[in-house]
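One structure is given here, and the rest of the page talks about it.
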Amino acid sequence: MKVSPNPLGDFINEISEKVKQIIKDAYGIDVEVKFGPTKDRRFGDLTSMVCLKVARNLSKTKKEIVSKAQKIGNVIVSKLKHELIEKITPERGFLNIRLDYSRYNAYVLQSILSLREKFGAVNLGKNVKICVEYISANPIHPLHIGHARNAVIGEALARLYEFLGYKVKRRFYVDDMGKQVAYLVYGYTKLNKKPAGKYDHFFGVIYSCTCIAVKIRKIEEEIASFKMKIKESFSKALEYLQANLNKFSSELSDDIFTMINAMRTLLISYERMPTIDWMLYLKRIVSKINEIWKKVEKNKKKEEFKIITEVRRVVANLTKKLEEYESWLEVEREALLKWPGIYIEIKKKIADEDPEAVVQELMRKYEAGDQKVKSVFRTVCELVLQGFLETISKLGIKIDEYDWESDLVWSGLVNDVVKQLIEKGWACKDETGAIILDFRKAIQLDENIARIFNLDSAKLKKILASRQLDLLPPNLVLVRKDGTTLYVTRDIAYSIYKFRDGSEKVLNVIGADQKLAQQQVKAALYLLGLKNYAENLHHVLYELVILPWAKLSARRGRYITLDEIFEEARGKAYIEVSKRWPNIPEEEKVRRAEAIAIGAIKYALLYSDPEKVITFDWSRVLSFEENAGPFLQYAYARATSILEKAGFNLPSEADFFLLTSKEEKELIWHLSLFPEIVIKAAMEMKPSILAEYTNNLAKTYNIFYERCPVLAAEKEELKNARLLLVEAFRIVMRNALNLLGIPVLEKM
RNA sequence: GCCGGGGUGGUGUAGCCAGGAGAGCACGCGCGGCUUCGGACCGCGUUGUCGCGGGUUCAAAUCCCGCCCCCGGCGCCA
């Protein structure tokens, strides 16, 4: 008996070739022939529009096209023969095929039952190496739901490619050289506290507290520097107003008088008043000025108030700062409530120094490889990574390589990249001493570069003609004026590193907000003469996950960790499990609840297109109905339950010709779609395609389950055939769930 | 401002790149179905100016042009 990991795909390829040949013979036209599943099963199982396509070339009006297509269809029908085709009919320009289910069913089921976990595993990769870089979260605070989306997409892609015969390497980029880690290290060294609890949570708090304390300080300094400007412009305005008081209409004079007094007081108190009080007072005056301005606008006396316009301009900047300051004060109050001890201590310790300078120095030393600094940085990052590891292993993820950004720098690879770009004439020092990569020049000289930045020649011409060069994508700072490198620079080196390891293809699962940076990396590879790398570097981008009930910002100490979300999901699932199975052992309840929670979260993150923003909504995530993780697990558990009742005694073979009901045929049809779906999901790098399919498969199975009794089938032979069908469903479902990384439960 | 990505029933989405059959699926809502393999199920019904306006075409949710709204990015953050 013939078996195939992809029966449907093989069949489609065979008949497509044949049809292509028939058209060529009859009309001398070379066309691409594609058969796909019909939109509506009433029309048959497979369909192609090849007749319309050919007819379009031969006729003009609608009537002609359709009748021509019909003729072409008839020619094809008369010549196309295949043992799996029951009927082939041209209809309204389409070419519809109905399969001979008596043969097709047996072919599909035999393939599934004999290949089992290899069903669908078409060997496209042939052991070619491919690298998936994902998660790569900065080691500064716990993973949140956005990282989870990244992790789940990356893992699903890794599994898909592995399944299709690629050798996959899973990489995590440890971004330990950024400013953010430096801030964390800075705060940690100030704080006299031993790491405790889950390390990523411990350091997350320190990171947030440090950011908040530093930011507040910085804003206060900025505001203080505004004072001088304010003083100047207020003095001038005051002079003018006092000299020209008579010019203003009587209805305004009261207001003006009040304002003059207020401004006078403000100027007198300039030295004495503490900054905060002074600012609050200033704010009141500003709102008074704005009030008067409204009246002035009404009276159209603007020209007389030029001086106020000037004051307003200076004040507008300050007002913005003040608003920012107030929002940060709110953030500070939150931090004081959540982590009073840590926050107060950090704030106290940084009071007498310039945090930004210290952080910059830390970064410089780390990049230079200073032993003492190095050991702190490494320790902190390693501890946070330990926390990450705990979380992602719950999601069933195991990383092959953790690549430290600092290693890349110390190995000299990053410097090499910069050096080569300079040598090739694409980068040079600017007047401030920073090294700039001149993409704007490159775009004009090399259309490949332009293409990477989405510029076609017409657009480019237009921009160049208008001489507005700042409409072009920005140049890239490779090295700061202090000699340290930037993230994108290091990422260029990292990309090279990944390819040098033998990968022919590199997938970077990175957020949509980094699209420009990823284009820059790709373009830089081109400029380095690594065209092949550039073309095989793929940015798998995904959008944000929004938690509608929370405003998130790690720098502000506002975040919801993945661990918390996981706990909540597990709690909800536990209640459901206990309700249904009050008598099973406690640890079994917990085990099932955990699997359900993971399935629910993963499915919620996988089911929609990665490029779309997800709003994470509990009622949807943990709904145990269709289009949710537990729905899939449930279908599998019910199937397993049938086999359990049959004592897991499966017949070695059965008469699949007996499976003739609509529900059975539908189920087998869906099973046979699996391999094609896997290929599509992998090639388009969209696990959502597989998630949607899996949901449909579960749904189709449920309908079969409802209508076709297995154990109580009317005949023993039918029972045997259905038992094997159930087993085939379990195999495909298991394969699909494994690829998605959703845990499979025999009972739930 | 410029560059990307989105806008499809009350809600969430598929389809768009490669134009063709009453725009598919799910939630919600309403009604119905357990003496039968697990009701975390199934069936039936309900809901759409496919953001707006033009154009191309025998045929447009899909391609082209203009506009509106939301999100993100735009040289020393990552």
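Because the structure is a prediction, the values reported are computed rather than measured. Protein chains get the first letters and strands the later ones, always in sequence-line order, with residue 1 at the start of each.
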Establish, from distance only, whether the side-chain atoms of [X] and [Y] form a donor-acceptor pair under 3.5 Å.
X	Y	answer
Asn508(A)	Tyr173(A)	no
Asp40(A)	Thr38(A)	no
Thr47(A)	Asn96(A)	yes

Measure distances between side-chain N and O atoms of [X] and base N and O atoms of [N], and say whether any donor-acceptor pair falls under 3.5 Å.
X	N	result
Asn695(A)	A14(B)	no
Arg56(A)	G19(B)	no
Gln519(A)	G4(B)	no
Lys39(A)	A23(B)	no
Thr47(A)	A21(B)	yes
Thr484(A)	C76(B)	no

Sugar-phosphate only, base, or nothing, as touched by [X] at under 4.0 Å among non-hydrogen atoms:
X	result
Arg707(A)	sugar-phosphate
Gln514(A)	base
Asp438(A)	nothing
Leu711(A)	base
Pro709(A)	base
Asp40(A)	base
Asp430(A)	base
Asp513(A)	sugar-phosphate

Sticking with atom [atom1], work out how far [N] lies from [M], rounded to a whole angstrom.
N	M	atom1	result
A61(B)	A21(B)	C1'	16 Å
A60(B)	G22(B)	P	13 Å
U47(B)	C65(B)	C1'	33 Å
A14(B)	C63(B)	P	16 Å
A23(B)	C41(B)	P	29 Å
C64(B)	G20(B)	P	15 Å
G72(B)	G32(B)	C1'	48 Å
C67(B)	G4(B)	P	14 Å

By nearest atom, which of the nucleotides [options] is closest to the [X] side chain?
X	options	value
Arg480(A)	C76(B), G4(B), G38(B)	C76(B)
Ser641(A)	G38(B), C41(B), A59(B)	G38(B)
Asn702(A)	C41(B), G38(B), C2(B)	C41(B)
Glu611(A)	G5(B), C17(B), G38(B)	G5(B)
Arg638(A)	G22(B), C41(B), G4(B)	C41(B)
Val477(A)	U13(B), C76(B), C37(B)	C76(B)
Lys515(A)	G4(B), A21(B), A26(B)	G4(B)
Phe94(A)	G24(B), A21(B), G38(B)	A21(B)
Leu486(A)	A14(B), C37(B), C77(B)	C77(B)
Ile596(A)	G75(B), G39(B), A40(B)	A40(B)

Determine, answering yes or no, if Phe631(A) is stacked on A40(B) under the 5.5 Å centre rule and the 30° plane rule. no

How far apart are the closest heavy atoms of Leu472(A) and Arg440(A), and which atoms are they?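 Scanning both residues, the minimum pair turns out to be O-NH2, 3.0 Å.
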
Above 12 or not: heavy atoms from other molecules or residues under 6.0 Å from CD of Glu447(A)? no

Count the heavy atoms belonging to other residues, nucleotides or ligands that lie under 6.0 Å from CZ of Arg480(A), then report whether that count exceeds 12.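 Check passes, neighbour count above 12.
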
For [N], what is the paired nucleotide under Watson-Crick or G-U wobble rules, both distances under 3.5 Å?
N	value
U57(B)	none
G4(B)	C71(B)
G43(B)	C31(B)
U36(B)	none
G19(B)	none
G24(B)	U13(B)

Is any side-chain heavy atom of Val33(A) closer than 4.5 Å to one of Lys53(A)?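 Answer no - side chains too far apart.
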
OP1 or OP2 of C77(B) versus the side-chain N and O atoms of Arg555(A): is any pair under 4.0 Å?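 Answer no for this pair, as no side-chain N or O of Arg555(A) is under 4.0 Å from OP1 or OP2.
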
Taking only side-chain nitrogens and oxygens of Lys179(A), does any of them come within less than 4.0 Å of OP1 or OP2 of C77(B)? yes

Does G33(B) adopt a syn or an anti glycosidic conformation, taking syn as a chi angle within 90° of 0? anti

Phe439(A)-Phe453(A) aromatic ring centre distance below 6.0 Å: yes

